[in-house]
Amino acid sequence: MRSDVDALLREISLRLRPRMDELVDPLVASMRQEVPSVWAHDDLTNLARCAAHQHIDTVLHALEQGFDLRGAKAPDAAIDFAARLAECGGKITELLRAYRIGHGTTLRLVREEADRLISDPNLREAVARALVTGSFAYIDLTSEQAVTAFQHARDRRLQRRLAVINEASRRIGTSLDIALTAQELAEVGTEYLADFVTVDLLDAALNEEGPTPARDDLVLRRVAHHSVLEGCPESVLPIGGKHGFKRGSEAAEALASGRPLRHRHVSADNPAWLACSDACRRAIGDFGIHSMLLIPLWARGSPLGIAQFLRHRDAAPFEDDDLLLAQEVASRAAVYIDNARMYTQERATALALQRNLLPDHVPRHGVVETAARYLPSGERAGVGGDWYDVIPLSGARMALVIGDVVGRGLYASATMGRLRTAVRTLADIDLMPDELLTHLDDVVIRMQHEDDNNPDEISATCLYAVYDPVTRICSLASAGHVLPAVVTPAPDDSTANPRPVRFADAALIGPPLGVGGLPFETTQFELPEGSLLALFTDGLIESSTRDASRGMDTVCDVLAWADPSLEDTCDRLIDSLLPSRPADDAALLLVRTCPLGTDHVSTLELPSDPSVVSRARAHATDQLAAWNLGDLAFSTELMISELVTNAIRYGQQPIRLRMILQSTLTCEVSDAASTSPHLRRARTFDEGGRGLFLVAQVAENWGTRYTRDGKVIWAEQLLPDC
């Protein structure tokens, strides 16, 4: 019986072989009906037909050998089909279903031919058993080989996808610059997915407006593009150019909904959103653009823009796997772009706040010449809390301030503004530098207590100095801040030799603001005429590649050959110490001292005797005549009479009258008592109590400042030509 079965199987094979092409058609038709997803890909369709032909040939060859399946191999086209299906993102169930349908159809055709040849029912049954047994063995062997090929190809696809995603993660988002991040997306896209990539962002997102899924005409701006061709000749829109998607178009809906769009261009009938102009239509035809992916860029639930991936050199159209990969890469880039956008907005806000809180211009006074610079840090670090200030004080003195708030961004800028206001308020009551920093330390501690979220993050350094042009004494105290560089004139007044540069003793630096409970110390030193003070924050002298000591050496080298122009000296210091994108912000304040000459100051020592009031008035009148300020004689005599009388009545010796002519006329009366005068309203029949009231009415400004030895009551008047 077995020999008869083998003979019949060979006979069936010989009869069917001339009809192989005819047999392929029903097999392909069955697969097309049962596994329609395969026919969405042209290359898979061709492989499926070739695999069907090879499959029938393999089965017929096995029939000729008596269905001996030892060493049977799946057809090469079937292996290629399995691998390609995996690369297209197909499922293994689709592969096995196609396999079963293909072999089932082949077996049915063989059974039909056997039924026509065999009339003996026993022999027909034996042939059927042989066909079924052989079929199971054949399917087991060949499907296992196809599944192995499918898994290998799928693993390679996943590895490639992971490699591309890892490369995209490494190369995209290296900075907080919107345009650079978009360009990185375009470059990665052309390297791994497309021949030409464009990145367009919503104009609203770039203009710091909240991007929303708009349904009206969408205005986009080209921020990046990249091509495999040099110069991006496919692009009809330059960087910075604007275009839009019409309301209701496929592209507009894709952007508004966040769903990607895949488009295959196969005819001259271009959709309006694709060929929005004659130049676009020409570019599509000239470069042969045939396949496109539109991937919306969304972040935090809102659209930012859209990335377009186009192919013209690569003949293969975009597949599902390409779409998934493009989505993965674009979604990561969208997060980076949104971070850059938010950072740019915050940085711009913080920088605007910082610059508005800093002086628009450094005040110019006859007693000092000043120049200043503020440089924000590089984009990753963010705007910091560095600040400087120059504050006029009574008695022609000047307060010089420089400070640095710990932290970055809006919070640091706002904290800096609060501290700068506090310093100006404390300076207005004429405190000594150490006393001012003590009060400022209390302010920071109160701010820490008010901030329940990050109390330990509020800290700052500050240096406060007061220059007196009359005595040429500079008094300063530091709260954790680097001390200024002091440049004194050369002994021979020559510019051919370097000028001496020194820093004050670092032991004088007190604790940073916010520590509390530790004292600050005021140091005083004399500044010769023409001396130069350089106040700066640590961002100027310290970086990741240079320690503070090297930076201070550089400061000394530059200042030793300082230009007569302070502006030029500022520029030289910045060029020598700061890179193009510093890691920390920096503030710099240069001050050249110009002491008042003896002809601008008049001093009179007074005994504690009421009779000397007339002498003080006479002295003032004579001095005003010498200064050609006779018009101020009456008001000046009135103020001096009241101030000297108060000092004699309530103060202690020594008592001193000092008149200072600078931008204003200042009259000062000092004594050794620490009692504070009070302005009060005298009643109708009171014989006294009107002195300070009269001074306040006559003077432009007046006040009291305390010294180590007592107090000074001062009053200022504007000069007649002011």
Criterion side chain to side chain contact (heavy atoms under 4.5 Å, CB included) on Val612 and Ile648, from CA distance to verdict: CA-CA 9 Å; Val612 301; Ile648 293 173; 3.6 Å; yes
Under a 3.5 Å threshold, yes or no: a donor from one side chain and an acceptor from the other, between Ser549 and Asp547? yes
Thr636 and side-chain hydrogen bond (donor to acceptor under 3.5 Å, both in side chains): which partner among Gln717, Gln623, Arg617? Gln717
A quick test of your reading: do over 12 heavy atoms of other residues, nucleotides or ligands sit less than 6.0 Å from OH of Tyr650? no
Nearest heavy-atom pair of Ala179 and Asp177: which atoms, and what distance? N-OD1, 3.2 Å
For a quick test of reading the model, state the closest non-hydrogen atom pair linking Ile391 to Ala427 and the distance between them. CD1-CB, 4.1 Å
Could you please spell out the steps behind the side chain to side chain contact (heavy atoms under 4.5 Å, CB included) verdict for Asp468 and Arg397? CA-CA 5 Å; Asp468 187 339; Arg397 297 168 306 131; 3.7 Å; yes
For the OG atom of Ser478 and the CZ atom of Phe520, what is their distance to the nearest 0.5 Å? 8.5 Å
Flag side-chain contact, heavy atom, 4.5 Å: Leu665 against Trp627: yes
Report the distance from atom OG of Ser459 to atom CD1 of Ile445, rounding to the nearest 0.5 Å. 10.0 Å
So, do Glu369 and Leu566 sit near enough that their side-chain heavy atoms are less than 4.5 Å apart? yes
Once you round to the nearest 0.5 Å, how far does CD1 of Ile429 lie from OG1 of Thr704? 11.0 Å
Keeping Arg546 on the side-chain end and Ile541 on the backbone end, is there a donor-acceptor pair under 3.5 Å? yes
Mind checking whether Asn701 and Thr664 have side chains closer than 4.5 Å, heavy atoms only? no
Heavy-atom side-chain contact between Thr593 and Arg472 under 4.5 Å: no
Least distance between heavy atoms, Leu643 atom then Cys667 atom: CD1-O, 4.3 Å
Please round to the nearest 0.5 Å and tell me the distance separating atom CG of Asn339 and atom CD1 of Ile178. 10.5 Å
Starting from the C-alpha separation in whole Å, work towards a yes-or-no answer on side chain to side chain contact (heavy atoms under 4.5 Å, CB included) for Arg418 and Val443. CA-CA 9 Å; Arg418 296 172 69 181; Val443 171; over 6 Å; no
Which heavy atom of Gly551 sits nearest to which heavy atom of Leu577, and what is that distance? O-CD2, 3.7 Å
Around atom CZ of Phe525, are there more than 12 heavy atoms of other residues, nucleotides or ligands at under 6.0 Å? yes
Which one of Thr666, Val601, Leu604, Val712 satisfies the side-chain contact (heavy atoms from CB on, under 4.5 Å) criterion with Arg658? Val601
Counting C-beta onward and ignoring hydrogens, is there a side-chain heavy-atom pair between Trp561 and Arg499 closer than 4.5 Å? no
For the pair Thr569 (side chain) and Asp563 (backbone), establish whether a donor and an acceptor sit closer than 3.5 Å, ignoring hydrogens and angles. yes
Minimum side-chain heavy-atom gap Arg705-Glu668 below 4.5 Å: yes
Taking atom types as modelled and ignoring hydrogens, do the side chains of Asp609 and Ser611 form a donor-acceptor contact shorter than 3.5 angstrom? yes
So which atom in Leu559 and which in Ala534 form the shortest heavy-atom distance, rounded to 0.1 Å? CD1-CB, 3.7 Å
Quick one: does Gln448's side chain have a donor or acceptor within less than 3.5 Å of a partner on Ile458's backbone? yes
Step by step, would you call Asp575 with Arg572 a salt bridge (charged side-chain N to carboxylate O under 4.0 Å, His left out)? CA-CA 5 Å; Asp575 294 340; Arg572 286 186 57 202; over 6 Å; no
Can you tell me how far the CE atom of Met552 sits from the CZ atom of Phe536, to the nearest 0.5 Å? 5.5 Å
Can you tell me which residue among Asp404, Asp585, Ile402, Leu419 is in a side-chain contact (heavy atoms from CB on, under 4.5 Å) with Trp387? Leu419
Does a salt bridge link Arg550 with Asp553, judged by any charged N lying under 4.0 Å from a carboxylate O? no
Do the non-hydrogen side-chain atoms of Asp671 and Lys711 ever get within less than 4.5 Å of each other? yes
Taking the basic N atoms (NZ, or NE/NH1/NH2) and the acidic carboxylate oxygens, is any pair closer than 4.0 Å for Arg708 and Glu435? yes
What is the minimum heavy-atom distance between Cys462 and Leu513, and which atoms define it? CB-CD1, 3.8 Å
Roughly how far, to the nearest 0.5 Å, is CD of Gln662 from CG of Leu596? 5.5 Å
Considering only heavy atoms from C-beta outward, does the side chain of Asp389 approach that of Val423 to under 4.5 Å? no
Are Leu540 and Ile574 close enough, and set up right, to give a side chain to side chain contact (heavy atoms under 4.5 Å, CB included), and what steps lead you there? CA-CA 8 Å; Leu540 182 72; Ile574 297 300; 3.9 Å; yes
